[in-house]
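Notes for the one structure printed next.
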Amino acid sequence: MHTGTRRALLLHLAVLAGLFALQFVLPDYHHRNLARILVLASYAAGYNLLLGYTGLLSLGHAMLFAAGLYGAGLAVQLLGVNAASGFAIGVLSGLALAVAVGLVALRTSGVAFMIVTLMFSQAAFLTTLYFAAFTRGDEGFVLPEASRQYQIGSFFFDLSDPGTRYNFALLLFAACLMATFVLVRSPIGRVLVAIRENEQRTTMLGYHTFRYKLLALAASGAISGAAGAAYALLFSYVGSTFASIQYSILPLLWVLLGGVGTTLGPLIGTVLMFYLVDVISGYTSAYLLLVGVALVLLVLVFPKGILGTVRAKAAPWLP
Amino acid sequence: MSFGPHLFLALLEGTVTAFVLALTALGLSLVFGVMRVVNVAHGEFFMLGAVLAWAVSSLIPASPALGFLLALIASPLAVGAVALLADRLVLRRLNYAPEATIVATIGLLYILQQLVLTFYGPYARPVTAPISFRVQFPWFGYSGYKLVVIAAAAALLAATWYLLMRTRIGLVMRATQYDRETAQAFGIPVERVYSGIFALGAMLAATAGVLIVPIQQAHYLMGLDPLLLSFITVIIGGLGSLRGTLVAAFVIGISDGVISVFFSPTLAKIIATLFVALVLVFRPSGLFGSARA
């Protein structure tokens, strides 16, 4: 194995081991926060796959997150399926929506792609409000306690138990992190990066770039859907806030902060932003001001983000 | 009220919406056409115009008409200054790179919204209309102020058209839009033109905000709907095409008035949004625009 790859693999495993160990030392409050952050960081990882490695800036990922959230939540709530099937339905919903949107939206690029995804996402958000009879709109609904308990053989899971919840969130994040790590190191990942750097040249080299972009969007949608489904099942709340434009902007912010096109960047960005907002909220309710200032400052003076800068300055082997 | 007068009322309401929308969307369209910048914070300039109109007119409680006139001048100027500042501090430093500027204007949107929430509060406040007569039709009475809005917006649209098509400044702006590099080679200060266009676009939105505030109260979230409608208008009209933008504003404004009188607003919005996304994908030059986007 290439030394850079081995070093990177060791780093990823060390980060995951560290996250596993943290649950035994963290106080309750931070323990609960970190479970939430891990799910949101998975969402950010899905977003980064598209923005960071394929160069497509979407302003509509909230619809994919919400597809997972509602796919899992409504299946559990209305059809009474168990948590595992609900999760699978959520992932498939994210995947299916991403492919459907991709077939249309990927005919555009750049600014038009941003606006088209924004519009589709807005339509999805309005749809969750329109079918308020099922989704209960803004108010949302809480999943029943029984649906979050699950038996496999002799193992019994209760997703409302903090420890179980943390480890499921970690499992999800580990799967997303390692999937992106493997994908970006694979030949497919190389083609995606080539598309990001110069799409015309990649086409000229004989690659069908539309298919690769659709593949990246589909993978990004599946991961976002998985994060949404996990959010619904682990925190038992489903509401249309998660489909609003704000939840399309947040992953963009997390990825920009952590480092666009770095596998561990989404985690770092999500942790930092989550705690910044948490601290600010103690003083003022206008935390969106912080989001705005952070966005402007990031594109203005810190476009590579934290890990992007580290990679450029000190560690070129970072994936 | 029977169907005929009902439709007439809907058309009147639609015409008011159309003129206000035309002003707002023209600003967005100018900024996109000349600078190739998609300004997501455009709706916040509209909102800022309305909120500042409340602030200015509440300085002169004795005379609503005078207060409103003062607001009509001061508020767009203040918003233009904010836009100029945003251009100098942020957009210019990004070299007007399309994707980075979108992200930056999203940031600007949150900043303006939250600053207004902090200093103005979560209230919805009305501004007294400068005139209070009612036009009496055989079937219903109609606010005379709304007719004033139509007249004022029409005058402003005409003035903007005159500025762009008949003055030297307009010529310089159009030259920059047509070919930035050649314009620069001919000694046109492109950066100053960009600042001017960005401020002008913001001022158009702010004026629309001032005009609307006696009809619709000033609130810190009021910028979102005009933003979305302006986007729809600019896309349907063809990105960067001013004439297309105006035509689209009238089609959309009037149909919005008619639709919201007769149908469920949420469903209408869903269909409109999806339709616009498809137009942008399959007819990027718009439904009414020329082939050159």
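Values below: all heavy atoms of this structure, side chains included; hydrogens, waters and symmetry mates excluded. In what follows, chains are A, B, ... by sequence order, proteins preceding strands, each numbered from 1.
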(request) Under 4.5 Å, counting heavy-atom pairs only, tell me which of A:Ile245, A:Leu57, A:Val296 racks up the most with chain B. (result) A:Val296
(request) With chain A as the partner chain, list the residues of residues 196-204 of chain B whose heavy atoms fall under 4.5 Å from it, by residue number, and write 'none' if nothing qualifies. (result) none
Side chain, backbone, both or neither of [X] within contact of chain B (heavy atoms, under 4.5 Å):
X	answer
A:Thr127	both
A:Leu252	side chain
A:Leu256	side chain

(request) Considering non-hydrogen atoms only, spot the tightest contact between B:Leu280 and A:Ala112 and give its length. (result) CD2-O, 3.8 Å
(request) Work out which heavy atom in B:Ala104 is nearest to a heavy atom in A:Val299; give both atom names and the distance. (result) CB-CG2, 3.8 Å
Would you check if [X] and [Y] make a side-chain contact, meaning some heavy-atom pair closer than 4.5 Å?
X	Y	answer
B:Ile235	A:Met119	yes
B:Val40	A:Leu118	no
A:Leu288	B:Leu117	no
B:Tyr110	A:Ile249	yes
A:Gln122	B:Ile270	no
A:Leu59	B:Ile106	yes
A:Leu289	B:Thr118	no

[X], [atom1]: over 12 other non-hydrogen atoms inside 6.0 angstrom:
X	atom1	value
B:Arg174	CZ	yes
B:Arg92	CZ	yes
A:Tyr275	OH	yes
B:Phe119	CZ	no

Separation of [Y] [atom2] from [X] [atom1] (nearest 0.5 Å):
X	Y	atom1	atom2	result
B:Leu109	A:Leu295	CG	CG	10.0 Å
B:Leu267	A:Tyr130	CG	OH	4.0 Å
B:Ile102	A:Ile115	CD1	CD1	5.5 Å

(request) Sort out for me which of B:Thr105, B:Val103, B:Leu89, B:Ile111 touches chain A most, counting heavy-atom pairs under 4.5 Å. (result) B:Ile111
(request) Pick one of side chain, backbone, both or neither for B:Val38, based on which atoms fall under 4.5 Å of a heavy atom in chain A. (result) side chain
(message) Using heavy-atom distances under 4.5 Å, tell me whether B:Val276 contacts chain A through its side chain, its backbone, both, or neither.
(response) side chain
